[in-house]
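Quick caveat: nothing in here was measured; it's all calculated off a predicted structure.
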Amino acid sequence: MDRTPRTVGVAPHLRGKEPGIATEAFHIFKGGRDMKAGWRWAAAVLATGAVWTGCTQEPNKRDVSEQNNPGLDSPKPETPQDNPPTAPPAPMPDAPTPVPDTPTPVPDTPPTPTTPPPPPEAAIDFPTVPGWTFYGTQHGGPRRIYGVSADEGGNVWVAGGEDGLFVLRPGATTFQRFTMEQGLRPYGYMPDGSAPMGEKYLKVISVAGGPADTVFVGYEGRPGKGDEHCENNWDGSRPDPSRYKSGDADKVTLRADGSLQVVHYDIFSGPGIVAAEMRGREKLCSILRIAYDKNTQSVWFGGNHGFARGDANYQGNPTCNGQLDCSGVMEHVHPAINAYPDILLTDAYYGVSVHSSGDVLFGGANRSTRFLYGTTGNDYWEAQSRTEDSPYVSNRIDIWPDLVGEGSMPKPAERDDDNVSAMSVVGDTVWVSSFTKGLARMNVNGGDVQYVSLGEKAEKALTAVEARTADGSVWVGARWLGIVYRLQGGAVKTYSCSEFGRRLCSSRISDIKADGHRVLVAFLGSDENHVPGALGIYTGH
């Protein structure tokens, strides 16, 4: 698509464009290509005459992503049973038909359930682990925890899924809960400033602490398949405002009396903004990760399909209708490529981390990028060009490389999707975890990629990574088991079932954040194992 914003009155330059812990050495493997030059192999691609077309699709084809990233909620693949149950023997031909001992139920009698309900998720009896404190449902916490972060005042905020938003105040031992009744707004505005008609869906899936008593909150859009998916619905056959306006993000401030002040970021482009989509654009709805940059007063949203910027000082405007001068949002960018047969590869930007320059590292299902916001003098549109346009193929970073470069339009068998689950920048080093590939590190330009082994028996499916500047450690979380790895001084310390206990270890890690002397670990919980979510806070050495 043409990314040039068009709106009345907008300047032409706005182009849319501890004890008991296992310890072992960790190993680093160089990437499969020479990446020290920062992936400067664009010339080889351009020499073939193939150029990247960005969002451009054939006429009458929509700009959609694959929407097949594993994600945090994906169930663990089932392993086949060693001895599958056999069918009961058939009755003998002359066997009489059995007569029921009980009368046939009358229509008003409720049918007996054929599948027993899942067992209740009893609160976890937390173990005593040196340096760790745990909080769960017995402390007023949510059933599921998708994200965790602390604000500058020391409040710990938790993304509690459908249970809402939770805060653990300094010195408190119980959570405070917030839902739509307290003002959370997991949906946008209609052009007249009213709320969309239809179902309101609340699922808090990401948080980023801001100034004291302030948190930025990301929501999941209403679930659905095909045209009912919140990303597809606006351009679908039956647009439904309760779907295409669902999700997005809020800035939530905790008042002294315990109530909330809520400002909603409606992440879309209104009429007349995007030249190729003059009726408006609604793509980003599920905000998977958020990062706050105090220096540039930016809130960076990693979402389905792409990523966007919010103004941290935005005060809201319900009747703005997606215009650039009043929405508090610039959207959206993606390091997308075209793939065979006719697919735009862009999805699931779980990786979001700010560099000291004001640039932002974003990692997605297929490609990653250094979004050069600070480098370009906070020019969002120029930074967009340097991620998406043809001359900048080296800034569409393939951390676990496909068999062919993007100029060849990779076929399914030639792809090796990165499935980035988190990123963490410290200095000029970027740590990258993947839902399916393990752990990597690289420089901030996407060069010198190295693959990091956490041990021979370590999980390859990872969900979180956080580099801690206080002591130089790097913390990594596993996707299927509640295992935490701590890399420091050339060794790996593993917190696993022997430390955490069976039930806590039956969860998964969904997020890890460092906050000064604390490391905050979110245990998602598990539907399969009937284990509730939990928050772990590490204050050891």
Side-chain angles (χ1 to χ4, degrees), residues 20-22 70-79 118-129 131-149 156-166 168 175 177 203-207 220 288-289 350 421-422 433-436 438-439 454 457-466 475-486 493-513 518-538:
I21 302 169
L72 290 172
D73 276 329
S74 300
K76 187 173 184 177
E78 294 183 2
T79 55
E121 294 181 347
I124 300 171
D125 184 11
F126 293 119
T128 300
V129 186
W132 289 85
T133 305
F134 299 98
Y135 301 87
T137 52
Q138 65 267 51
H139 303 98
R143 178 175 172 268
R144 295 288 176 266
I145 295 183
Y146 287 84
V148 62
S149 185
V156 177
W157 297 90
V158 164
E162 296 180 35
D163 288 342
L165 173 69
F166 293 74
L168 186 68
F175 289 95
R177 178 190 179 198
K203 186 173 182 180
V204 182
I205 58 174
S206 57
V207 285
E220 181 177 289
L288 309 173
R289 306 278 194 198
Y350 279 94
S421 58
S433 61
S434 166
F435 285 119
T436 56
L439 182 66
L454 298 174
K457 297 181 179 180
E459 280 277 330
K460 280 286 189 181
L462 305 175
T463 51
V465 62
E466 178 77 351
W475 296 71
V476 185
R479 184 180 179 199
W480 301 127
L481 293 173
I483 297 177
V484 176
Y485 306 98
R486 179 186 181 182
K493 294 183 178 181
T494 304
Y495 294 92
S496 61
C497 298
S498 59
E499 289 78 35
F500 289 157
R502 182 185 62 82
R503 295 200 69 220
L504 186 59
C505 189
S506 296
S507 178
R508 356 179 158 176
I509 306 300
S510 55
D511 195 12
I512 302 178
K513 289 292 183 292
R518 302 182 295 185
V519 178
L520 312 175
V521 179
F523 294 79
L524 176 63
S526 171
D527 289 337
E528 300 96 326
N529 299 317
H530 310 291
V531 176
L535 168 66
I537 301 180
Y538 178 80

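The aromatic rings of F500 and F523 stand perpendicular to each other, their planes meeting at an angle above 60°, with 30° marking the opposite boundary. By the 30° and 60° cut-offs, the orientation of the rings of F166 relative to F175 is perpendicular.
Heavy-atom minimum distance, Y350 versus S421: CB-O, 3.2 Å. In terms of heavy-atom proximity, L165 sits nearest to V204 at N-CG2, 4.0 Å. Closest approach of R503 and E121 over heavy atoms only: NH2-C, 4.5 Å. Summarising the geometry of P127 relative to G501, their closest heavy-atom pair is CG-N, 4.4 Å, with the distance given to 0.1 Å.
Taking CG of L524 as the reference point, atom OH of Y146 lies at 5.5 Å (rounded to 0.5 Å). With values rounded to the nearest 0.5 angstrom, D511 atom CG is found 8.5 Å from L72 atom CG. The OG1 atom of T494 sits 8.0 Å away from the CD atom of E499 when rounded to the nearest 0.5 Å. Remark: K76 NZ to D527 CG distance equals 14.5 Å, nearest 0.5 Å. Summarising the geometry, atom CH2 belonging to W475 is positioned 11.0 Å from atom CD1 belonging to I509; distances are rounded to the nearest 0.5 Å. R508 contributes atom CZ, which lies 9.0 Å from atom CZ of R144 (distance to the nearest 0.5 angstrom).
Between I205 and L288 there is a side-chain heavy-atom pair separated by less than 4.5 Å. Within the 4.5 Å cutoff, the side chain of V207 has no heavy atoms near those of the K513 side chain. Annotation: side chain of P532 is in contact with side chain of I124 (closest heavy-atom distance under 4.5 Å). No side-chain heavy atom of L535 sits under 4.5 Å from any side-chain heavy atom of H139. A heavy-atom distance below 4.5 Å is not found between the side chains of V519 and V484. Side-chain contact between L462 and L439 is present, with at least one heavy-atom pair separated by less than 4.5 Å.
Using modelled atom types, no side-chain atom of S507 and backbone atom of G482 make a donor-acceptor pair closer than 3.5 Å. In this structure a side-chain-to-backbone donor-acceptor pair under 3.5 Å is present from R177 to D163.
In summary, the side chains of T463 and S510 do not present any donor paired with an acceptor at a separation below 3.5 Å, with no hydrogens or angles considered.
Aromatic ring centroids of F126 and W132 lie 6.0 Å or more apart.
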Quick one: do F134 and V129 satisfy side chain to side chain contact (heavy atoms under 4.5 Å, CB included)? Show the steps, please. CA-CA 9 Å; F134 299 98; V129 186; 4.2 Å; yes
